[in-house]
Amino acid sequence: FYSEVHRRIRMRSLDCSPLGHRPAETLQSSEESSQKNAHLDEADRFYENPLGFLECAFEKEKRKGGGHDALPTHLVLFEQLALRIQPFLERHSYRRVRRIFHTHMPLESRLSTHIHVYLLPP
């Protein structure tokens with residue numbers, strides 16, 4: 001990521017490593033769901049239920065004591081995904097600060113013509 005951003009900031013993206021190379025700690029709701037979905041990578045689980053995934057992931061961080069600081073300051077995502085997580089964005093007062101053209105013809109269902117950048121107010 002750093003080659004694109006050119007800043008030393010903490011970043012995280014969804015993990016889509018092959019099954020034998022996945023990190024032990026991922027953003028999952030429970031041990032039961034992780035066993036049930038063991039064949040799915042983190043990106044697959046996220047796209048199955050993006051709103052539920054985000055709620056689970058950041059509620060888990062808040063319980064560890066992160067509070068408001070547990071939320072990412074920026075979210076970068078495809079336009080169609082922003083529509084699916086709108087309640088999360090609104091609940092935490094994220095505001096869109098940029099809409100960037102990506103492609104005329106998205107070639108995968110997870111892609112969109114535009115990318116949105118959201119900012120969490122201080």
Side-chain angles (χ1 to χ4, degrees):
F1 318 120
Y2 296 111
S3 65
E4 300 296 323
V5 176
H6 304 290
R7 291 191 182 165
R8 284 277 176 210
I9 57 174
R10 195 178 77 174
M11 291 186 271
R12 186 189 184 299
S13 63
L14 296 173
D15 182 69
C16 54
S17 302
L19 188 55
H21 301 280
R22 294 188 187 152
E25 178 69 22
T26 60
L27 301 176
Q28 298 181 53
S29 58
S30 69
E31 187 177 320
E32 178 184 314
S33 70
S34 66
Q35 290 174 354
K36 182 178 105 181
N37 295 325
H39 65 286
L40 298 175
D41 64 29
E42 192 175 53
D44 290 333
R45 290 191 308 275
F46 172 78
Y47 275 96
E48 270 187 350
N49 180 4
L51 187 57
F53 186 97
L54 289 172
E55 294 296 347
C56 171
F58 294 111
E59 284 304 315
K60 182 178 173 181
E61 291 300 315
K62 284 166 56 174
R63 284 194 301 273
K64 288 182 182 177
H68 186 74
D69 294 335
L71 294 169
T73 58
H74 294 77
L75 292 173
V76 180
L77 41 99
F78 287 108
E79 190 168 52
Q80 60 89 9
L81 183 57
L83 299 173
R84 294 179 65 192
I85 65 164
Q86 196 63 40
F88 178 86
L89 297 170
E90 290 172 359
R91 186 175 319 108
H92 297 290
S93 304
Y94 279 95
R95 65 182 175 87
R96 190 176 78 194
V97 293
R98 182 115 352 130
R99 183 174 184 251
I100 305 163
F101 176 76
H102 176 64
T103 184
H104 288 290
M105 295 180 53
L107 299 177
E108 295 180 26
S109 62
R110 294 179 177 179
L111 305 180
S112 295
T113 58
H114 289 81
I115 295 170
H116 289 194
V117 179
Y118 287 87
L119 176 67
L120 179 68

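This one's a predicted model, so the numbers in the text were calculated from it and none came from an experiment.
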Which atom pairs, donor and acceptor, lie under 3.5 Å between side-chain atoms of residues 110-122 and protein residues at least two apart or in another chain?
from   : atom 1 : to     : atom 2 : distance (Å)
Arg110 : NH2    : Asp44  : OD1    : 2.7
Ser112 : OG     : Gln80  : N      : 2.9
His114 : ND1    : Arg99  : NH2    : 3.2
His116 : ND1    : Tyr118 : OH     : 3.2
His116 : NE2    : Glu79  : OE2    : 3.1

Legend entry - Approximate separation, where rounding is to 0.5 Å, of Arg45 CZ and Leu14 CG: 9.5 Å

Legend entry - Pairs involving residues 80-90, ordered by first then second residue, that meet salt bridge (charged side-chain N to carboxylate O under 4.0 Å, His left out) (sequence neighbours left out): none

Inset, instruction - Could you check if a side-chain atom of Phe58 sits within less than 4.5 angstrom of a side-chain atom of His92, using non-hydrogen atoms only? - result: no

Inset, instruction - Using a 4.5 Å cut-off on heavy atoms from C-beta on, say whether the side chain of Phe46 contacts that of Leu81. - result: yes

Inset, instruction - Take the angle between the ring planes of Phe88 and Tyr94 and call it parallel below 30°, perpendicular above 60°, tilted in between. - result: parallel

Inset, instruction - Looking only at non-hydrogen atoms, find the nearest pair between Leu51 and Ile85 and report the distance. - result: N-CG2, 4.0 Å

Legend entry - Cluster link Phe101 to Phe78, ILVMFWY, side chain under 4.5 Å: no

